[in-house]
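Chain A is the first sequence line, chain B the second, and so forth, proteins listed ahead of strands; every chain is numbered from 1.
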2 protein chains.
Amino acid sequence: MATRQKTGRPTLTREDLADATLRLLEREGPGGLSMRKVAAEVGVQAASLYWHVQNKEELLDLASDALWEGLEPEPPGAVAAGDDWRATVAEASRRLRAHLLAHHSAVRVLAGRFAPGPRALAPMERLLATLRGAGFSGPDAANAAYTLSTWVQGFVIHEAVPMSAAEERGATPEQASEEARQRLAALPADRYPHLVELAGEISGPGMDTRFEFGLARLLDGLERLRGTGGD
Amino acid sequence: MATRQKTGRPTLTREDLADATLRLLEREGPGGLSMRKVAAEVGVQAASLYWHVQNKEELLDLASDALWEGLEPEPPGAVAAGDDWRATVAEASRRLRAHLLAHHSAVRVLAGRFAPGPRALAPMERLLATLRGAGFSGPDAANAAYTLSTWVQGFVIHEAVPMSAAEERGATPEQASEEARQRLAALPADRYPHLVELAGEISGPGMDTRFEFGLARLLDGLERLRGTGGD
DNA sequence: TCCACTCCCCTAACGACGTTAGGCAGTCCC
DNA sequence: GGGACTGCCTAACGTCGTTAGGGGAGTGGA
């Protein structure tokens with residue numbers, strides 16, 4: 001399995017392709033992706049990719065798994081007993097959000113492929129360890145981990161769509177959210193009274209606040225389960 | 001603005017195109033979509049679509065909004081005061097999940113475009129009305145509605161991926177989840193002890209149970225906020 | 001009644017795309 | 001040294017999104 005060093009270039013790996021795909025997605029935005037460009041990114045002809053990968057589908061699946069690479073574990077002190085589990089889980093969630101947001105363009109393309117690939121396993125294992133360490137039963141920990149990670153991912157998707165759309169139009173996120181607010185406020189108030197009234201709250205730029213709100217609710221709900229000795 | 005009745009066929013609308021796109025997505029699965037096929041579906045040549053739509057992007061955006069069509073409102077008794085808000089919100093969430101799951105193939109393609117389009121507004125308005133009726137402040141209601149809907153959508157995406165993948169291979173959902181379980185159970189137990197231990201819980205077919213778990217946690221968290229006089 | 005005008009669709013074509021077939025250098029094993 | 005394998009290549013296929021330009025059917029004014 002030695003690499004072919006004589007030609008100067010080590011042979012490609014599937015990971016190289018996944019990374020190149022992710023790089024391209026971020027540099028050129030969704031839609032700027034093609035087998036030919038991925039090939040060029042790694043210095044090869046398009047047809048050569050099919051030596052490593054069955055088709056574009058598989059390449060995208062690889063890229064979707066590679067999305068999880070580089071997600072840093074929360075600092076130690078994890079697997080905390082007592083009430084520290086809240087802080088640990090909250091921090092892990094914030095890191096996940098920040099990590100995915102850093103790849104928002106790729107998230108948009110790969111959202112329909114989110115699946116527990118090999119690289120997503122390590123964060124999931126850490127989360128389960130924290131929850132079990134906090135006293136949750138096996139089933140509760142599994143369900144809680146699933147709920148948390150699906151929520152964060154759903155949240156980020158909704159953040160990523162206007163973000164990359166604004167980016168493509170050369171607008172700032174503030175401009176985009178202001179436009180969204182105006183669209184809501186301009187709605188017929190007799191049919192959508194609450195949307196009109198809450199236009200500022202719904203489309204405001206306060207995504208950090210909104211994330212913390214959801215996170216706090218979720219953790220509260222989990223805490224109550226733990227307190228009542230769930231399952 | 002009269003329709004051209006004499007030729008037998010009323011002229012196309014953008015809604016027709018969105019519906020046809022959705023139909024095609026469900027019939028042929030993700031990847032079976034092209035401008036030419038959408039055109040054929042409505043009995044027209046591909047180039048004619050560009051009279052109604054700027055490009056494929058816009059067509060997909062229309063389809064993503066059309067996804068919300070047909071989502072039935074929860075039965076009346078909504079906007080309930082007291083503790084009934086829990087039942088109302090829970091029912092709305094279950095209906096949303098069921099509705100999106102009925103279009104899982106489209107969900108996969110359109111996940112990266114989820115945005116509050118015109119047709120998504122009515123369900124959101126209803127949800128806000130319920131929450132405000134239950135005593136939540138404006139900002140709390142807005143945040144709660146956002147948290148709930150992003151979670152349901154994230155959940156469904158994670159459900160839709162293996163579902164349509166299994167469908168394409170002609171496997172049953174049970175087979176698919178059993179395969180997922182075996183993949184987890186076969187992991188190195190020293191590196192992923194909790195994943196191996198909980199393989200059955202994580203990849204089991206009990207998606208309904210898992211959904212109810214997350215829903216209950218979320219509602220518990222919201223209830224606590226209401227109880228403490230949120231805002 | 002005729003004529004301009006708009007609406008909505010058509011045919012034809014362009015370049016880029018995903019993918020396959022077949023070939024050809026280097027490298028490894030005997 | 002010879003065969004087999006690996007990892008790339010060139011060439012080509014059919015399909016795709018999209019544009020240019022044309023035309024017929026309906027509408028409103030003279």
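A:Lys56 has its NZ atom 8 Å from the P atom of C:dT19, to the nearest Å. To the nearest angstrom, P of D:dG21 lies 18 Å from OH of B:Tyr50. The interatomic distance linking B:Leu59 (CG) with D:dG17 (P) rounds to 10 Å, in whole Å. Atom P of nucleotide C:dG18 and atom CZ of B:Arg36 are separated by 16 Å, given to the nearest angstrom. The distance from atom CD of A:Gln45 to atom C1' of C:dG18 is 15 Å, rounded to the nearest whole Å. Whole-Å rounding puts the B:Glu57 CD to D:dC16 P distance at 18 Å.
For B:Ser34 and D:dC16, the shortest distance from a side-chain N or O to OP1 or OP2 is below 4.0 Å. Side-chain N/O atoms of B:His52 include none lying less than 4.0 angstrom from OP1 or OP2 on C:dC7. Close to D:dG7, at under 4.0 Å from its OP1 or OP2, lies no side-chain N or O of A:Ser48.
Of the two residues near DNA chain C, A:Gln54 and A:Lys37, the one whose nearest nucleotide lies more 5' is A:Lys37. Comparing A:Ala47 and A:Trp51 against DNA chain D, the residue whose closest nucleotide sits nearer the 5' end is A:Trp51.
B:Phe211 carries B:Arg97 over the face of its six-membered ring, with the cationic atom under 6.0 Å from the centre and within 45° of the normal.
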